[in-house]
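There's a structure below that I have some questions on.
We count residues from 1, following the sequence as given. Just so you know, ligand 1 is whichever comes first in the structure, and atom 1 is the first atom listed for that ligand.
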Amino acid sequence: MTAQLNPRGDVAVLVPAAGAGVRLGPGAPKALRPLAGEPLLVHAVRRVAAASSVHTIVVAAPATEVEAVRALLAPVAPVTVVPGGAERQASVAAALAAVPAGPEIVLVHDAARALTPPGLIESVAAAVRDGHDAVIPVLPVVDTVKEVDAAERVLGTVDRPALRAVQTPQGFRRSVLLAAHRSAGDALTDDAGLVEKQGIAVTCVPGSELALKITRPFDLSLAEHLLSTGA
Ligand code: CTP
Ligand code: MG
């Protein structure tokens, strides 16, 4: 059954899904690879659509797969599908350009975080609604982190209690994300990084272990296991 989005919702969610998935090994673009019998993107979009304040979903698909992705997602939820770009940032910009007038909160969410709970999407949106311009979900870092040089020699130990691992969805007041993307000069940073460069405060909220990014084959196995236990 196709999910209904909330016509009175105030949130647009951008789902960049145009990456190749090189680190997952040879195969289809990552967003289209199966996880428990369904493409990663289907899992991701189903959870986004289940978040009650979501008004609009825009997916940036691999350019050659736009029609296939439209057909794939039609039974899942009403979504707009646009061709993505060569870098994640270009894919996000393409999706952002397709958001209709209305939603004043924009979330940017990786398709690769396929098991992200709807509750995390709502908590990021709620923090933006409460007045924060930019909001990121984070987890504490559990490993000790060292800075090294090109020869793998240790330069120093980073102060772990001050570190956070950053997830998506990252949430923004719409005008703030638009301004950040308009002046984007660094293709390697995440969306919150672009906003930081504008001198705008970025606020953290608690992330979720289930919002792990499926990057390597191990992550796919872990996600399969989590689904089998009810995630
Ligand atoms: N992404 C995108 N457009 C790109 C590159 C990435 O929309 N040109 C999306 C991916 O589809 C993914 C998210 O950005 O949902 C996070 O990127 P990542 O996990 O790095 O995915 P891939 O780029 O597909 O993986 P890899 O880097 O291993 O190729
Ligand atoms: Mg990538």
Nearest non-hydrogen protein atom to atom 24 (O) of ligand 1, with distance, is G21 N, 2.9 Å
Check for me, please, whether V45 and V66 land in the same ILVMFWY cluster - side-chain distances under 4.5 Å, paths through other members count. yes
- S53 and R8 side chains, donor-acceptor separation under 3.5 Å: no
Nearest non-hydrogen protein atom to atom 26 (P) of ligand 1, with distance, is V22 N, 3.5 Å
Residue, atom and distance of the protein heavy atom nearest atom 9 (C) of ligand 1 read P16 O, 3.5 Å
Next on the checklist: Protein non-hydrogen atoms only, distance under 4.0 Å: does atom 17 (O) of ligand 1 have such a neighbour?
Outcome noted: no
- With a 4.0 Å cut-off on heavy atoms, is G84 touching ligand 1? no
The closest protein heavy-atom partner of atom 13 (C) of ligand 1 is D110 OD1, 3.3 Å
In ligand 1, the atoms that come under 4.0 Å of a heavy atom of A86 are 8 (N)
Point to revise | Electrostatic pair R46:E38 at N-O distance under 4.0 angstrom | key: yes
Closest to atom 8 (N) of ligand 1 among protein heavy atoms sits G85 O, 2.9 Å
Just checking, is any N or O donor in the side chain of S208 or Q167 under 3.5 Å from an acceptor N or O on the other one?
-> no
Original post:
Around E87, counting heavy atoms of other residues, nucleotides and ligands shown, do more than 12 lie under 6.0 Å from its CD?
Top reply: no
**Study point:** Atom CD of E209: over 12 foreign heavy atoms under 6.0 Å
**Key:** no
query: Would you say K30's side chain and I214's backbone share a donor-acceptor pair under 3.5 angstrom?
result: yes
Any nitrogen or oxygen of L24, side chain or backbone, less than 3.5 Å from one on ligand 1? no
The reported gap from CZ in R47 to NE2 in H109 (rounded to nearest 0.5 angstrom) is 9.5 Å
request  = Run the salt-bridge test on D110 and R88 with the 4.0 Å N-O cut-off and return the result as yes or no.
outcome  = yes
| Nitrogen or oxygen of A60 less than 3.5 angstrom from that of ligand 1 | no
(message) Any nitrogen or oxygen of I214, side chain or backbone, less than 3.5 Å from one on ligand 1?
(response) no
heavy-atom search around atom 3 (N) of ligand 1 in the protein gives S91 OG, 2.7 Å
For atom 6 (C) of ligand 1, the closest protein heavy atom turns out to be G19 CA, 3.6 Å
Taking distance alone, with N or O pairs closer than 3.5 Å, would you say R23 contacts ligand 1? yes
Per-atom filter on ligand 1: closer than 4.0 angstrom to a heavy atom of A20 are 24 (O)
d(R33 CZ, L41 CG) to nearest 0.5 Å is 14.0 Å
So CG of L222 and CG of L227: to nearest 0.5 Å the spacing works out to 10.0 Å
Within 4.0 Å of some non-hydrogen atom of K213, the atoms of ligand 1 are 18 (P), 19 (O), 20 (O)
In this structure, atom 7 (O) of ligand 1 is nearest to the protein heavy atom A18 N, 2.9 Å
